Amino acid sequence: MSEDDSPSEDQLILHETSADDHDELGYLGFDFDPSTFNEEITSDELDSLSLLKEKLGPDHQFFSDQYLMGCLFSRKLNVKRSVKMIESHIRWRKRSDYRVLPRWENLNHDFLLDDFAIRAPGIRAIDGTGIIFTALRDFLPSKYGTKAILDWIIWNSCFGNFYETMDYHRQGLTFVADLSGVGWNNLDVSLLKNVNSALMDRFPLKITNILILNPPGIFKTVITALRLVMKAKVINRIKVIKPEDLTNYIDEEYIPTILGGKLTYTNYDYIDYINTCEEIGFRAVEDM
């Protein structure tokens with residue numbers, strides 16, 4: 001990064017730690033344990049899961065109970081709509097060369113270490129939703145290419161999101177996007193279309209809040225572009241807020257230090273966490 005490319009003091013990035021720091025940061029006391037699934041869902045939710053598996057027939061064998069429950073939560077426990085989602089998932093994978101899903105060990109982990117996004121497992125917003133922080137000024141689509149980015153998104157949708165407890169899917173997600181320093185080189189409408197085409201109604205994703213910090217001058221143009229590829233109900237969940245108002249949504253201890261909070265978790269920790277989860281051998285979705 002050249003001196004001209006360096007973020008100014010008022011531009012927010014996710015963290016300022018290095019690989020040497022990560023050993024002492026820990027995992028916030030959260031450990032993934034797939035055996036607690038039955039304790040995490042209610043009897044009514046379990047009944048919906050049983051009905052979903054019955055409706056899917058043999059196809060349910062490709063999906064863990066956790067994944068199927070995630071689909072139900074994303075469709076408000078509507079079994080008919082969940083069946084439609086999963087059938088669409090299966091058709092898309094068969095025609096899109098994703099019968100065999102991306103593996104963690106085959107992904108380029110430098111993608112994470114560019115630090116344009118971070119998620120600390122187990123942390124929640126005040127409303128109980130999971131949290132993902134993004135600093136899009138550090139995201140350069142041209143650096144990776146559409147296929148590599150799509151592989152990451154598919155892996156996360158099928159595996160990464162399920163190294164969490166069920167309330168993560170029940171309550172949904174809060175996205176916090178710091179847009180300071182974002183320019184046209186951080187945006188790729190073609191990529192957005194490809195990602196939207198892959199994910200739309202095919203993978204469980206329940207977006208509850210989208211909080212925007214430091215919107216750039218091109219923000220209105222970006223929203224116009226997003227309206228072409230995203231559902232209106234998702235766009236309508238966008239809120240532009242001041243960084244100092246973030247504590248109205250997320251407790252200070254769960255906000256990264258560079259955003260004025262106390263969270264020191266980094267993507268080095270996240271990689272270690274996923275490595276540990278992978279050793280358990282749990283797979284939310286199977287190859288076809």
Side-chain angles (χ1 to χ4, degrees), residues 1-9 11-32 101-123 130-164 168 173-183 185-188 191-192 194-195 199 213-214 250 254-280:
M1 176 182 289
S2 69
E3 197 171 73
D4 291 339
D5 293 330
S6 300
S8 63
E9 291 182 1
Q11 289 177 332
L12 301 176
I13 56 178
L14 291 177
H15 66 74
E16 295 175 327
T17 53
S18 67
D20 296 332
D21 300 318
H22 84 282
D23 286 339
E24 62 187 63
L25 295 177
Y27 302 130
L28 304 178
F30 178 80
D31 292 309
F32 171 68
L101 293 165
R103 296 293 194 267
W104 168 251
E105 61 271 19
N106 295 331
L107 298 174
N108 180 358
H109 295 173
D110 288 342
F111 186 85
L112 282 179
L113 298 178
D114 277 348
D115 292 330
F116 54 81
I118 190 168
R119 177 178 67 193
I123 71 170
I131 312 167
I132 295 178
F133 295 97
T134 62
L136 294 181
R137 72 176 304 277
D138 296 316
F139 177 59
L140 299 173
S142 60
K143 180 176 179 180
Y144 303 102
T146 299
K147 180 61 166 62
I149 294 172
L150 191 57
D151 280 354
W152 263 104
I153 292 172
I154 298 304
W155 174 86
N156 194 59
S157 299
C158 291
F159 303 114
N161 283 344
F162 291 89
Y163 291 139
E164 278 273 5
Y168 182 86
L173 293 174
T174 290
F175 284 90
V176 180
D178 170 27
L179 300 188
S180 60
V182 167
N185 61 326
N186 303 114
L187 304 172
D188 185 332
L191 172 63
L192 287 173
N194 283 324
V195 170
L199 296 183
L213 310 177
N214 306 307
I250 303 170
Y254 296 145
I255 298 173
T257 54
I258 201 66
L259 290 176
K262 298 180 178 179
L263 180 67
T264 56
Y265 196 89
T266 76
N267 276 321
Y268 292 104
D269 297 290
Y270 183 73
I271 289 172
D272 283 351
Y273 173 78
I274 297 299
N275 285 337
T276 300
C277 291
E278 288 280 304
E279 292 175 1
I280 296 174

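Computed from a predicted model, the values in this text were never measured in an experiment.
Between Y168 and L173 the shortest side-chain heavy-atom distance falls below 4.5 Å. Considering only heavy atoms from C-beta on, W152 comes within 4.5 Å of H109 through its side chain.
When the options I118, I255, L213 are evaluated for a side chain to side chain contact (heavy atoms under 4.5 Å, CB included) with V176, the one that passes is L213.
Here L107 contributes atom CG and F159 contributes atom CZ; the two are 10.0 Å apart, rounded to the nearest 0.5 Å. Atom SG of C277 is separated from atom CG of D31 by 8.5 Å, given to the nearest 0.5 angstrom. Put simply, CD1 on I123 and CG on L263 are 5.5 Å apart, with the number rounded to the nearest 0.5 Å.
The side-chain contact (heavy atoms from CB on, under 4.5 Å) test applied to E279 returns no partner, not counting sequence neighbours. Scored by the side-chain contact (heavy atoms from CB on, under 4.5 Å) test, N156 finds R119, N161, Y270 as partners (sequence neighbours excluded). Under the rule for a side-chain contact (heavy atoms from CB on, under 4.5 Å), the partners of D110 that lie at least two apart in sequence or sit in another chain are N108, L113. Remark: N275 pairs with W104 by the side chain to side chain donor-acceptor pair (under 3.5 Å) rule, at least two apart or across chains. Under the rule for a ring-ring contact (aromatic ring centres under 6.0 Å, His included), the partners of F32 that lie at least two apart in sequence or sit in another chain are Y163, F282.
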Chi angles and distances behind the side-chain contact (heavy atoms from CB on, under 4.5 Å) call for I258, F133: CA-CA 11 Å; I258 201 66; F133 295 97; over 6 Å; no

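For Y265 against P121, the heavy-atom pair with the smallest separation is OH-CD, 3.3 Å. Heavy-atom minimum distance, A177 versus T134: CA-OG1, 3.1 Å. Heavy atoms only, all atoms of each residue included: R103 and W155 are closest at C-CD1, 4.2 Å.
N267 contributes no side-chain N or O that, together with a main-chain N or O of F116, makes up a donor-acceptor pair within less than 3.5 Å.
Counting only residues at least two apart or on different chains, the salt bridge (charged side-chain N to carboxylate O under 4.0 Å, His left out) pairs with a member in residues 141-164 are D114-K143, R124-E164, K147-D151.
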